[in-house]
Amino acid sequence: MTIASPHLGSPSVWTDARLLYALEEVVEKELNRHLQVAKDWMPHEYVPFSDARNFPGFFEDGEAWDKEQSKVTEVGRIALVVNLLTEDNLPSYHHEIATLFGRDGAWGTWVHRWTAEEGRHGIVMRDYLLASRAVDPDKLEQFRMAHMSEGFESDNRHSMLHSIAYVAFQELATRISHRNTGHQSGDPVCDRMLARIATDENLHMVFYRNLLKSAFELAPDLTMQAVRDVVVNFRMPGHGIPGFERAAAQMAIGEVYNLRIHHDDVLQPVLRFLKVLEIDGLGPEGIKAQEELGLFMGGLDAEAAKFDEKLAARKARMAARAGQS
């Protein structure tokens with residue numbers, strides 16, 4: 001793909017390869033910062049192995065899973081499955097970013113470090129779910145096989161700028177989803193585990209957000225268009241999970257992730273930090289993208305307000321029914 005920027009004082013043409021090279025020093029700086037602040041942690045230390053017992057199969061004493069064995073709330077179980085299945089697709093994510101960013105230099109070091117850190121998330125979540133019997137293990141494995149067998153292709157694989165913009169928002173969205181799942185899980189052990197994962201996701205978001213900031217300095221018009229496209233068309237990487245639409249609706253009602261959370265806790269913080277809607281000196285295409293982004297955010301806020309009203313009404317109805325019983 002070839003993209004042109006009018007902001008370098010010359011008719012210079014940006015390609016993904018040239019952008020990768022131009023951002024290499026920023027990646028190295030952010031990688032070093034990340035390695036200084038990131039803390040290693042042991043997944044097994046967050047898993048209640050003392051609660052574990054055998055499942056049916058090869059073990060004669062195996063005990064079948066039952067919903068009553070779980071300490072986790074209904075919405076917690078739904079969100080945990082969605083979150084874990086999303087993490088399970090790590091091989092596909094690694095392939096995508098390694099192909100796009102490369103395996104050499106600072107970019108390659110980051111790609112492998114990110115993959116290693118993300119690998120912990122799937123390990124600890126699956127161990128927790130099985131040890132605590134939080135979800136049906138047979139269905140979990142069936143979902144994993146179905147989801148991974150479908151494969152994964154990023155909506156933004158055509159462009160490095162789009163990919164950087166996407167992960168800046170997506171890492172924060174994942175952090176929020178994990179953190180809220182912990183809050184809504186009803187199990188302090190689960191909450192503690194997901195808080196640890198959320199800390200990693202936040203550091204990943206900071207890395208990509210800072211990289212996006214440098215991209216704005218290099219090619220503001222092109223970066224603005226990429227951010228516009230990503231925000232308007234945003235969807236989570238787990239959208240291909242079996243039954244995702246129903247699960248997403250239940251997570252929205254359960255206040256794990258919904259329009260209000262997406263607007264207030266994911267999109268707005270990144271846009272505000274980068275002052276995206278305040279950037280001036282843009283060319284015609286950049287200005288157009290900035291205006292369209294502002295209009296979209298206003299519309300999303302209005303849609304979130306409608307959702308808030310419906311959710312409040314639903315809570316009122318449930319409270320009234322509870323009072324009558």
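With Gln290 contributing its side chain and Val276 its backbone, the two residues share a donor-acceptor pair below 3.5 Å. The closest donor-acceptor contact from the side chain of Trp110 to the backbone of Val27 lies at 3.5 Å or more, if one exists at all. Asn258 contributes a side-chain N or O that, together with a main-chain N or O of Ile261, makes up a donor-acceptor pair within less than 3.5 Å. Formation of a donor-acceptor pair under 3.5 Å by the Arg53 side chain with backbone atoms of Asp51 is found in this model. Checked by atom type and distance alone, the side chain of Ser163 pairs as donor or acceptor with a backbone atom of Asn156 at under 3.5 Å. The closest donor-acceptor contact from the side chain of Gln69 to the backbone of Ala64 lies under 3.5 Å. A distance-only check finds no donor-acceptor pair linking the side chain of Ser92 to the backbone of Glu153 [under 3.5 Å]. Side-chain atoms of Glu96 come within 3.5 Å of backbone atoms of Ser154 as a donor-acceptor pair (strictly under, hydrogens ignored).
Contact detail for Val82 and Ala247: the closest heavy-atom pair is CG2-CB, 3.7 Å. Thr86 and Pro237 get closest at one heavy-atom pair: CG2-CG, 3.8 Å. Nearest heavy-atom pair, Leu172 versus Val266, reported as atom, atom and distance to 0.1 Å: CD2-O, 3.4 Å. Minimum interatomic distance between Pro269 and Asp264 (heavy atoms only, all atoms of both residues): CD-O, 3.3 Å. Considering every non-hydrogen atom in both Leu31 and Ala106, the closest pair reads CD2-O, 4.1 Å. The shortest heavy-atom contact between Thr181 and Ala79 is OG1-CB, 3.3 Å.
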For this session: Starting from the C-alpha separation in whole Å, work towards a yes-or-no answer on side-chain contact (heavy atoms from CB on, under 4.5 Å) for Tyr166 and Asp155.
Result: CA-CA 9 Å; Tyr166 176 74; Asp155 295 333; over 6 Å; no

Problem set entry | Full working for side-chain contact (heavy atoms from CB on, under 4.5 Å) between Gln268 and Met297 | CA-CA 9 Å; Gln268 282 284 34; Met297 290 299 294; 3.9 Å; yes

For this session: Give the C-alpha distance, both sets of side-chain angles, the deciding distance and a yes or no for side-chain contact (heavy atoms from CB on, under 4.5 Å) between Leu100 and Arg157.
Result: CA-CA 7 Å; Leu100 191 65; Arg157 62 189 181 280; over 6 Å; no

Exercise. Should Tyr128 and Val72 be marked as a side-chain contact (heavy atoms from CB on, under 4.5 Å) after you check the CA-CA gap, both sets of side-chain angles, and the distance that decides it?
Worked result: CA-CA 11 Å; Tyr128 165 80; Val72 176; 3.4 Å; yes

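Hydrophobic clustering places Leu218 together with Leu161 (ILVMFWY residues linked when any side-chain heavy atoms are closer than 4.5 Å, directly or through intermediates).
Among the candidates Val124, Leu129, Ile123, the single residue satisfying the side chain to side chain contact (heavy atoms under 4.5 Å, CB included) test with Asp127 is Ile123. Screening Glu171, Arg209, Arg175, Arg113 for a side chain to side chain contact (heavy atoms under 4.5 Å, CB included) with His204, the sole residue that qualifies is Glu171.
A 4.5 Å side-chain heavy-atom check between Leu271 and Leu293 finds at least one atom pair inside the cut-off. Inter-residue side-chain proximity for Lys213 and Val26 is flagged as unmet; no heavy-atom pair is nearer than 4.5 Å. Two residues are said to be in side-chain contact when any heavy atoms from C-beta on lie closer than 4.5 Å; Arg314 and Ile253 meet this criterion. With a 4.5 Å cut-off on side-chain heavy atoms, Trp41 and Thr199 do not count as touching. Residues Glu25 and Ser214 are not in side-chain contact: their nearest non-hydrogen atoms beyond the backbone lie 4.5 Å or more apart. Here the side chains of Glu255 and Asn180 are not in contact, with every heavy-atom distance at 4.5 Å or above. Taking 4.5 Å as the limit, every side-chain heavy atom of Asn83 sits out of range of all side-chain heavy atoms of Ile197. Under the 4.5 Å side-chain criterion, counting only non-hydrogen atoms from C-beta, Ser70 is in contact with Arg77.
A salt bridge does not link Asp301 with Lys306: none of the charged nitrogens is closer than 4.0 Å to a carboxylate oxygen. The existence of a salt bridge linking Asp88 and Arg144 is excluded, since no basic side-chain nitrogen approaches an acidic carboxylate oxygen closer than 4.0 Å.
The ring pair (Phe, Tyr, Trp, His ring centres under 6.0 Å) contacts involving residues 85-105 comprise Tyr93-Phe152, His94-His112, Phe101-Trp107, where partners must be two or more places apart or lie in separate chains. Counting only residues at least two apart or on different chains, the ring pair (Phe, Tyr, Trp, His ring centres under 6.0 Å) pairs with a member in residues 262-318 are Phe234-His262, Tyr257-His262.
Between atom NE2 of residue His147 and atom CG of residue Leu84 there is a gap of 10.0 Å, rounded to the nearest 0.5 Å. Asp308 CG to Leu259 CG: the interatomic distance, rounded to the nearest 0.5 Å, is 8.5 Å.
Glu74 and Gln250 are not linked by any side-chain donor-acceptor pair at a separation below 3.5 angstrom, with hydrogens and angles left out of the test. Inspection of the Thr174 and Gln170 side chains reveals an N or O donor paired with an N or O acceptor under 3.5 Å. In this structure, a donor-acceptor pair under 3.5 Å is present between the side chains of His121 and Glu201.
For an aromatic pair to be called close, the ring centres must be under 6.0 Å apart, and Phe207 with Trp114 fails this.
A cation-pi geometry, defined here as NZ or CZ lying under 6.0 Å from the six-membered ring centre and within 45° of its normal, does not hold between Arg196 and Tyr46. The side-chain tip of Arg133 points at the ring of Phe55 from less than 6.0 angstrom away and within 45° of straight on.
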